[in-house]
Engineer: 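Please read through the structure below; I'll follow up with questions.
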Protein chains: 2
Amino acid sequence: MVRTARFTEHDFIDATIALVAEGGPAAATMQAIARRVGAPTGSIYHRFDSRAAVLGMAWNTAYASLVRTLAPLLRDGRPREAALAILPWSREDGYRARFLLLNEPVSLFEDSPPPAPLRQALEQLEGELDAAFQACVAACGDGTACDEQLARAKFLIFDAPIAILRPYLSRGAPPPSFAERMIAELHCGMPIAGMRGGGRLPPNADARLP
Amino acid sequence: MVRTARFTEHDFIDATIALVAEGGPAAATMQAIARRVGAPTGSIYHRFDSRAAVLGMAWNTAYASLVRTLAPLLRDGRPREAALAILPWSREDGYRARFLLLNEPVSLFEDSPPPAPLRQALEQLEGELDAAFQACVAACGDGTACDEQLARAKFLIFDAPIAILRPYLSRGAPPPSFAERMIAELHCGMPIAGMRGGGRLPPNADARLP
DNA sequence: CACGTTCTAAAATAACTATTCTAATTGGCA
DNA sequence: TGCCAATTAGAATAGTTATTTTAGAACGTG
């Protein structure tokens with residue numbers, strides 16, 4: 001390398017995530033991304049093949065950070081901790097959380113799909129998360145991991161905590177203090193497999209705000 | 001009226017909902033809507049002020065159909081029936097369900113917000129649903145409807161059933177037969193207010209596919 | 001049977017988009 | 001010092017979009 005780069009690949013990805021989080025997928029035009037970074041559009045095309053590649057990279061980056069947070073806990077057979085980890089993950093970076101949890105891939109990649117290597121990388125991540133779920137169900141349950149048990153686990157650990165956060169993400173407000181309690185209680189009433197967490201309700205289920 | 005209209009307002013709204021459901025918000029261009037209906041673009045502008053007005057009308061229509069399904073049950077103090085009603089509602093019209101449940105308003109109205117009358121109508125609908133939730137919490141609980149109880153009710157009755165359906169809506173697959181059971185079980189383990197539904201698990205919680 | 005309003009029809013416009021292209025810089029290394 | 005690949009810089013291009021405009025067709029009414 002002979003000329004030092006003024007911008008990094010990550011600058012463009014961060015700008016893309018922020019723009020989509022703020023104004024939806026169509027707000028992330030190549031010009032808007034460049035303007036936010038302070039670079040000319042040519043510098044984006046020097047690093048990425050196309051807009052679909054930028055969006056794909058952004059999606060994979062955000063998805064990977066969530067998988068890295070959840071998968072180890074799942075493989076350890078700790079579904080409750082995994083579910084509770086989504087809240088701090090979303091607080092860690094509000095843009096990233098809004099980008100990943102408030103957008104469907106079909107809306108993000110409507111113009112053209114991401115290039116093949118990115119699609120493969122995403123499938124790999126999805127496979128990793130899926131395997132972690134299966135391992136968790138096997139560890140917690142009675143061994144027979146049928147479709148229903150897997151769907152139950154994904155709902156209780158993944159989709160339900162996200163559904164608790166979504167209304168607040170959507171209106172850009174911080175999640176309330178009782179969100180954590182709501183997530184925790186999910187893992188007492190509804191069975192994943194044989195596991196039931198313990199009591200019917202946590203001891204402090206009726207406590208008010210701490 | 002002197003010349004009979006070949007198309008109705010509803011034709012354009014239906015086409016818009018279908019297009020967004022299939023390919024995301026950006027797929028619903030004025031030309032694509034016109035082509036799907038078999039009309040020229042001028043016929044859209046004869047009925048709607050702008051693209052934002054078409055999308056806004058489509059959103060309000062879909063939202064209203066869901067509110068009309070849920071609100072009466074909530075006002076009757078039947079949260080469990082309301083939660084279970086979302087599944088048949090989504091089966092009734094897959095396009096409408098995908099359109100409403102898989103898109104955030106911020107993504108749909110990113111270019112320009114809907115005109116004021118439509119925004120007001122939507123606020124009215126949101127207010128109606130909110131009031132129905134409050135009435136339901138008041139009817140089922142001990143009267144003190146704090147923020148947390150309301151958030152719990154909205155999650156158990158609205159967001160959680162949607163979260164159960166979302167993965168299937170997203171990949172265009174029909175929801176599995178156990179989806180209904182999962183929704184029903186939510187209303188046994190986690191309290192909305194004082195109400196707890198009855199047993200800890202429904203009698204047939206361990207039954208396999210019927 | 002004309003009239004006038006409502007609607008269809010499609011071409012024209014102006015703005016915006018992703019992408020490409022051509023120069024101009026940069027800064028370590030020979 | 002002077003060279004040269006990597007990078008910046010931004011103008012140019014081709015295509016698409018929402019919207020407007022202009023013209024023509026339909027049909028109940030008087």
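Letters A, B, ... mirror the listed sequences (proteins, then strands); counts begin at 1.
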Engineer: With a 3.5 Å cut-off and sequence neighbours excluded, list the donor-acceptor pairs that the side chains of residues 30-40 of chain A form with protein atoms.
Structural biologist:
| residue | atom | partner | partner atom | Å |
| --- | --- | --- | --- | --- |
| A:R36 | NH1 | A:E22 | OE1 | 3.2 |
| A:R36 | NH2 | A:E22 | OE2 | 3.4 |

Engineer: Could you tell me the separation between the CD1 atom of B:I33 and the P atom of D:dT19, rounded to a whole number of Å?
Structural biologist: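 In whole Å, D:dT19 P and B:I33 CD1 are 10 Å from each other.
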Engineer: So do the side chains of A:V20 and A:L108 get within less than 4.5 Å of each other, counting heavy atoms only?
Structural biologist: yes
Engineer: Give a yes/no answer on whether the side chain of A:R35 brings an N or O atom under 4.0 Å of OP1 or OP2 in D:dG10.
Structural biologist: no
Engineer: Does B:S43 place a side-chain N or O at less than 4.0 Å from the phosphate oxygens OP1/OP2 of C:dT8?
Structural biologist: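 B:S43 to C:dT8 OP1/OP2: side-chain N or O found under 4.0 Å.
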Engineer: Does anything in residues 6-22 of chain B come within less than 4.0 Å of DNA chain C? Heavy atoms only, and list the residues if so.
Structural biologist: B:R6, B:F7
Engineer: Under the side-chain contact (heavy atoms from CB on, under 4.5 Å) test, which residues partner B:D76, sequence neighbours left out?
Structural biologist: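 Per chain and number, B:D76 pairs via side-chain contact (heavy atoms from CB on, under 4.5 Å) with B:R78.
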Engineer: Show every donor-acceptor pair shorter than 3.5 Å between a side-chain atom in residues 165-173 of chain B and any protein atom, with sequence neighbours excluded, or say none if there are none.
Structural biologist:
| residue | atom | partner | partner atom | Å |
| --- | --- | --- | --- | --- |
| B:R166 | NH1 | B:L101 | O | 2.7 |
| B:S170 | OG | A:E104 | OE1 | 2.7 |

Engineer: Identify, with sequence neighbours excluded, every residue that meets side-chain hydrogen bond (donor to acceptor under 3.5 Å, both in side chains) alongside B:D49.
Structural biologist: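 With neighbours one apart ignored, the set is empty.
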Engineer: Would you be so kind as to tabulate the donor-acceptor pairs closer than 3.5 Å made by side chains of residues 52-74 of chain B, with sequence neighbours excluded?
Structural biologist:
| residue | atom | partner | partner atom | Å |
| --- | --- | --- | --- | --- |
| B:N60 | ND2 | B:L118 | O | 3.1 |
| B:T61 | OG1 | B:M57 | O | 2.7 |
| B:S65 | OG | B:A62 | O | 3.0 |
| B:S65 | OG | B:W89 | NE1 | 3.0 |
| B:S65 | OG | B:R96 | NH1 | 3.4 |
| B:T69 | OG1 | B:S65 | O | 2.8 |

Engineer: If you compare every side-chain N and O of A:T4 against the phosphate oxygens of C:dG27 (OP1, OP2), does one of them come in below 4.0 Å?
Structural biologist: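 Answer yes for this pair, as a side-chain N or O of A:T4 is under 4.0 Å from OP1 or OP2.
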Engineer: Ignoring hydrogens and geometry beyond distance, is the side chain of B:R3 in donor-acceptor contact with the base of D:dC27 at under 3.5 Å?
Structural biologist: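 A donor-acceptor contact between them is absent.
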Engineer: Round to the nearest Å and state the distance from B:H46 atom NE2 to C:dC7 atom P.
Structural biologist: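 These atoms are roughly 4 Å apart.
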Engineer: When every nucleotide of nucleotides 13-20 of chain C is labelled 5' to 3' by its protein contacts under 4.0 Å (heavy atoms), B for base, S for sugar-phosphate only, - for none, what sequence of letters results?
Structural biologist: ----SSBB
Engineer: Taking only residues two or more places apart in sequence, or in another chain, which ones meet A:S90 in a side-chain hydrogen bond (donor to acceptor under 3.5 Å, both in side chains)?
Structural biologist: none
Engineer: Which residue pairs pass the ring-ring contact (aromatic ring centres under 6.0 Å, His included) test with at least one member in residues 18-56 of chain A, sequence neighbours excluded?
Structural biologist: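 Qualifying pairs, neighbours excluded: none.
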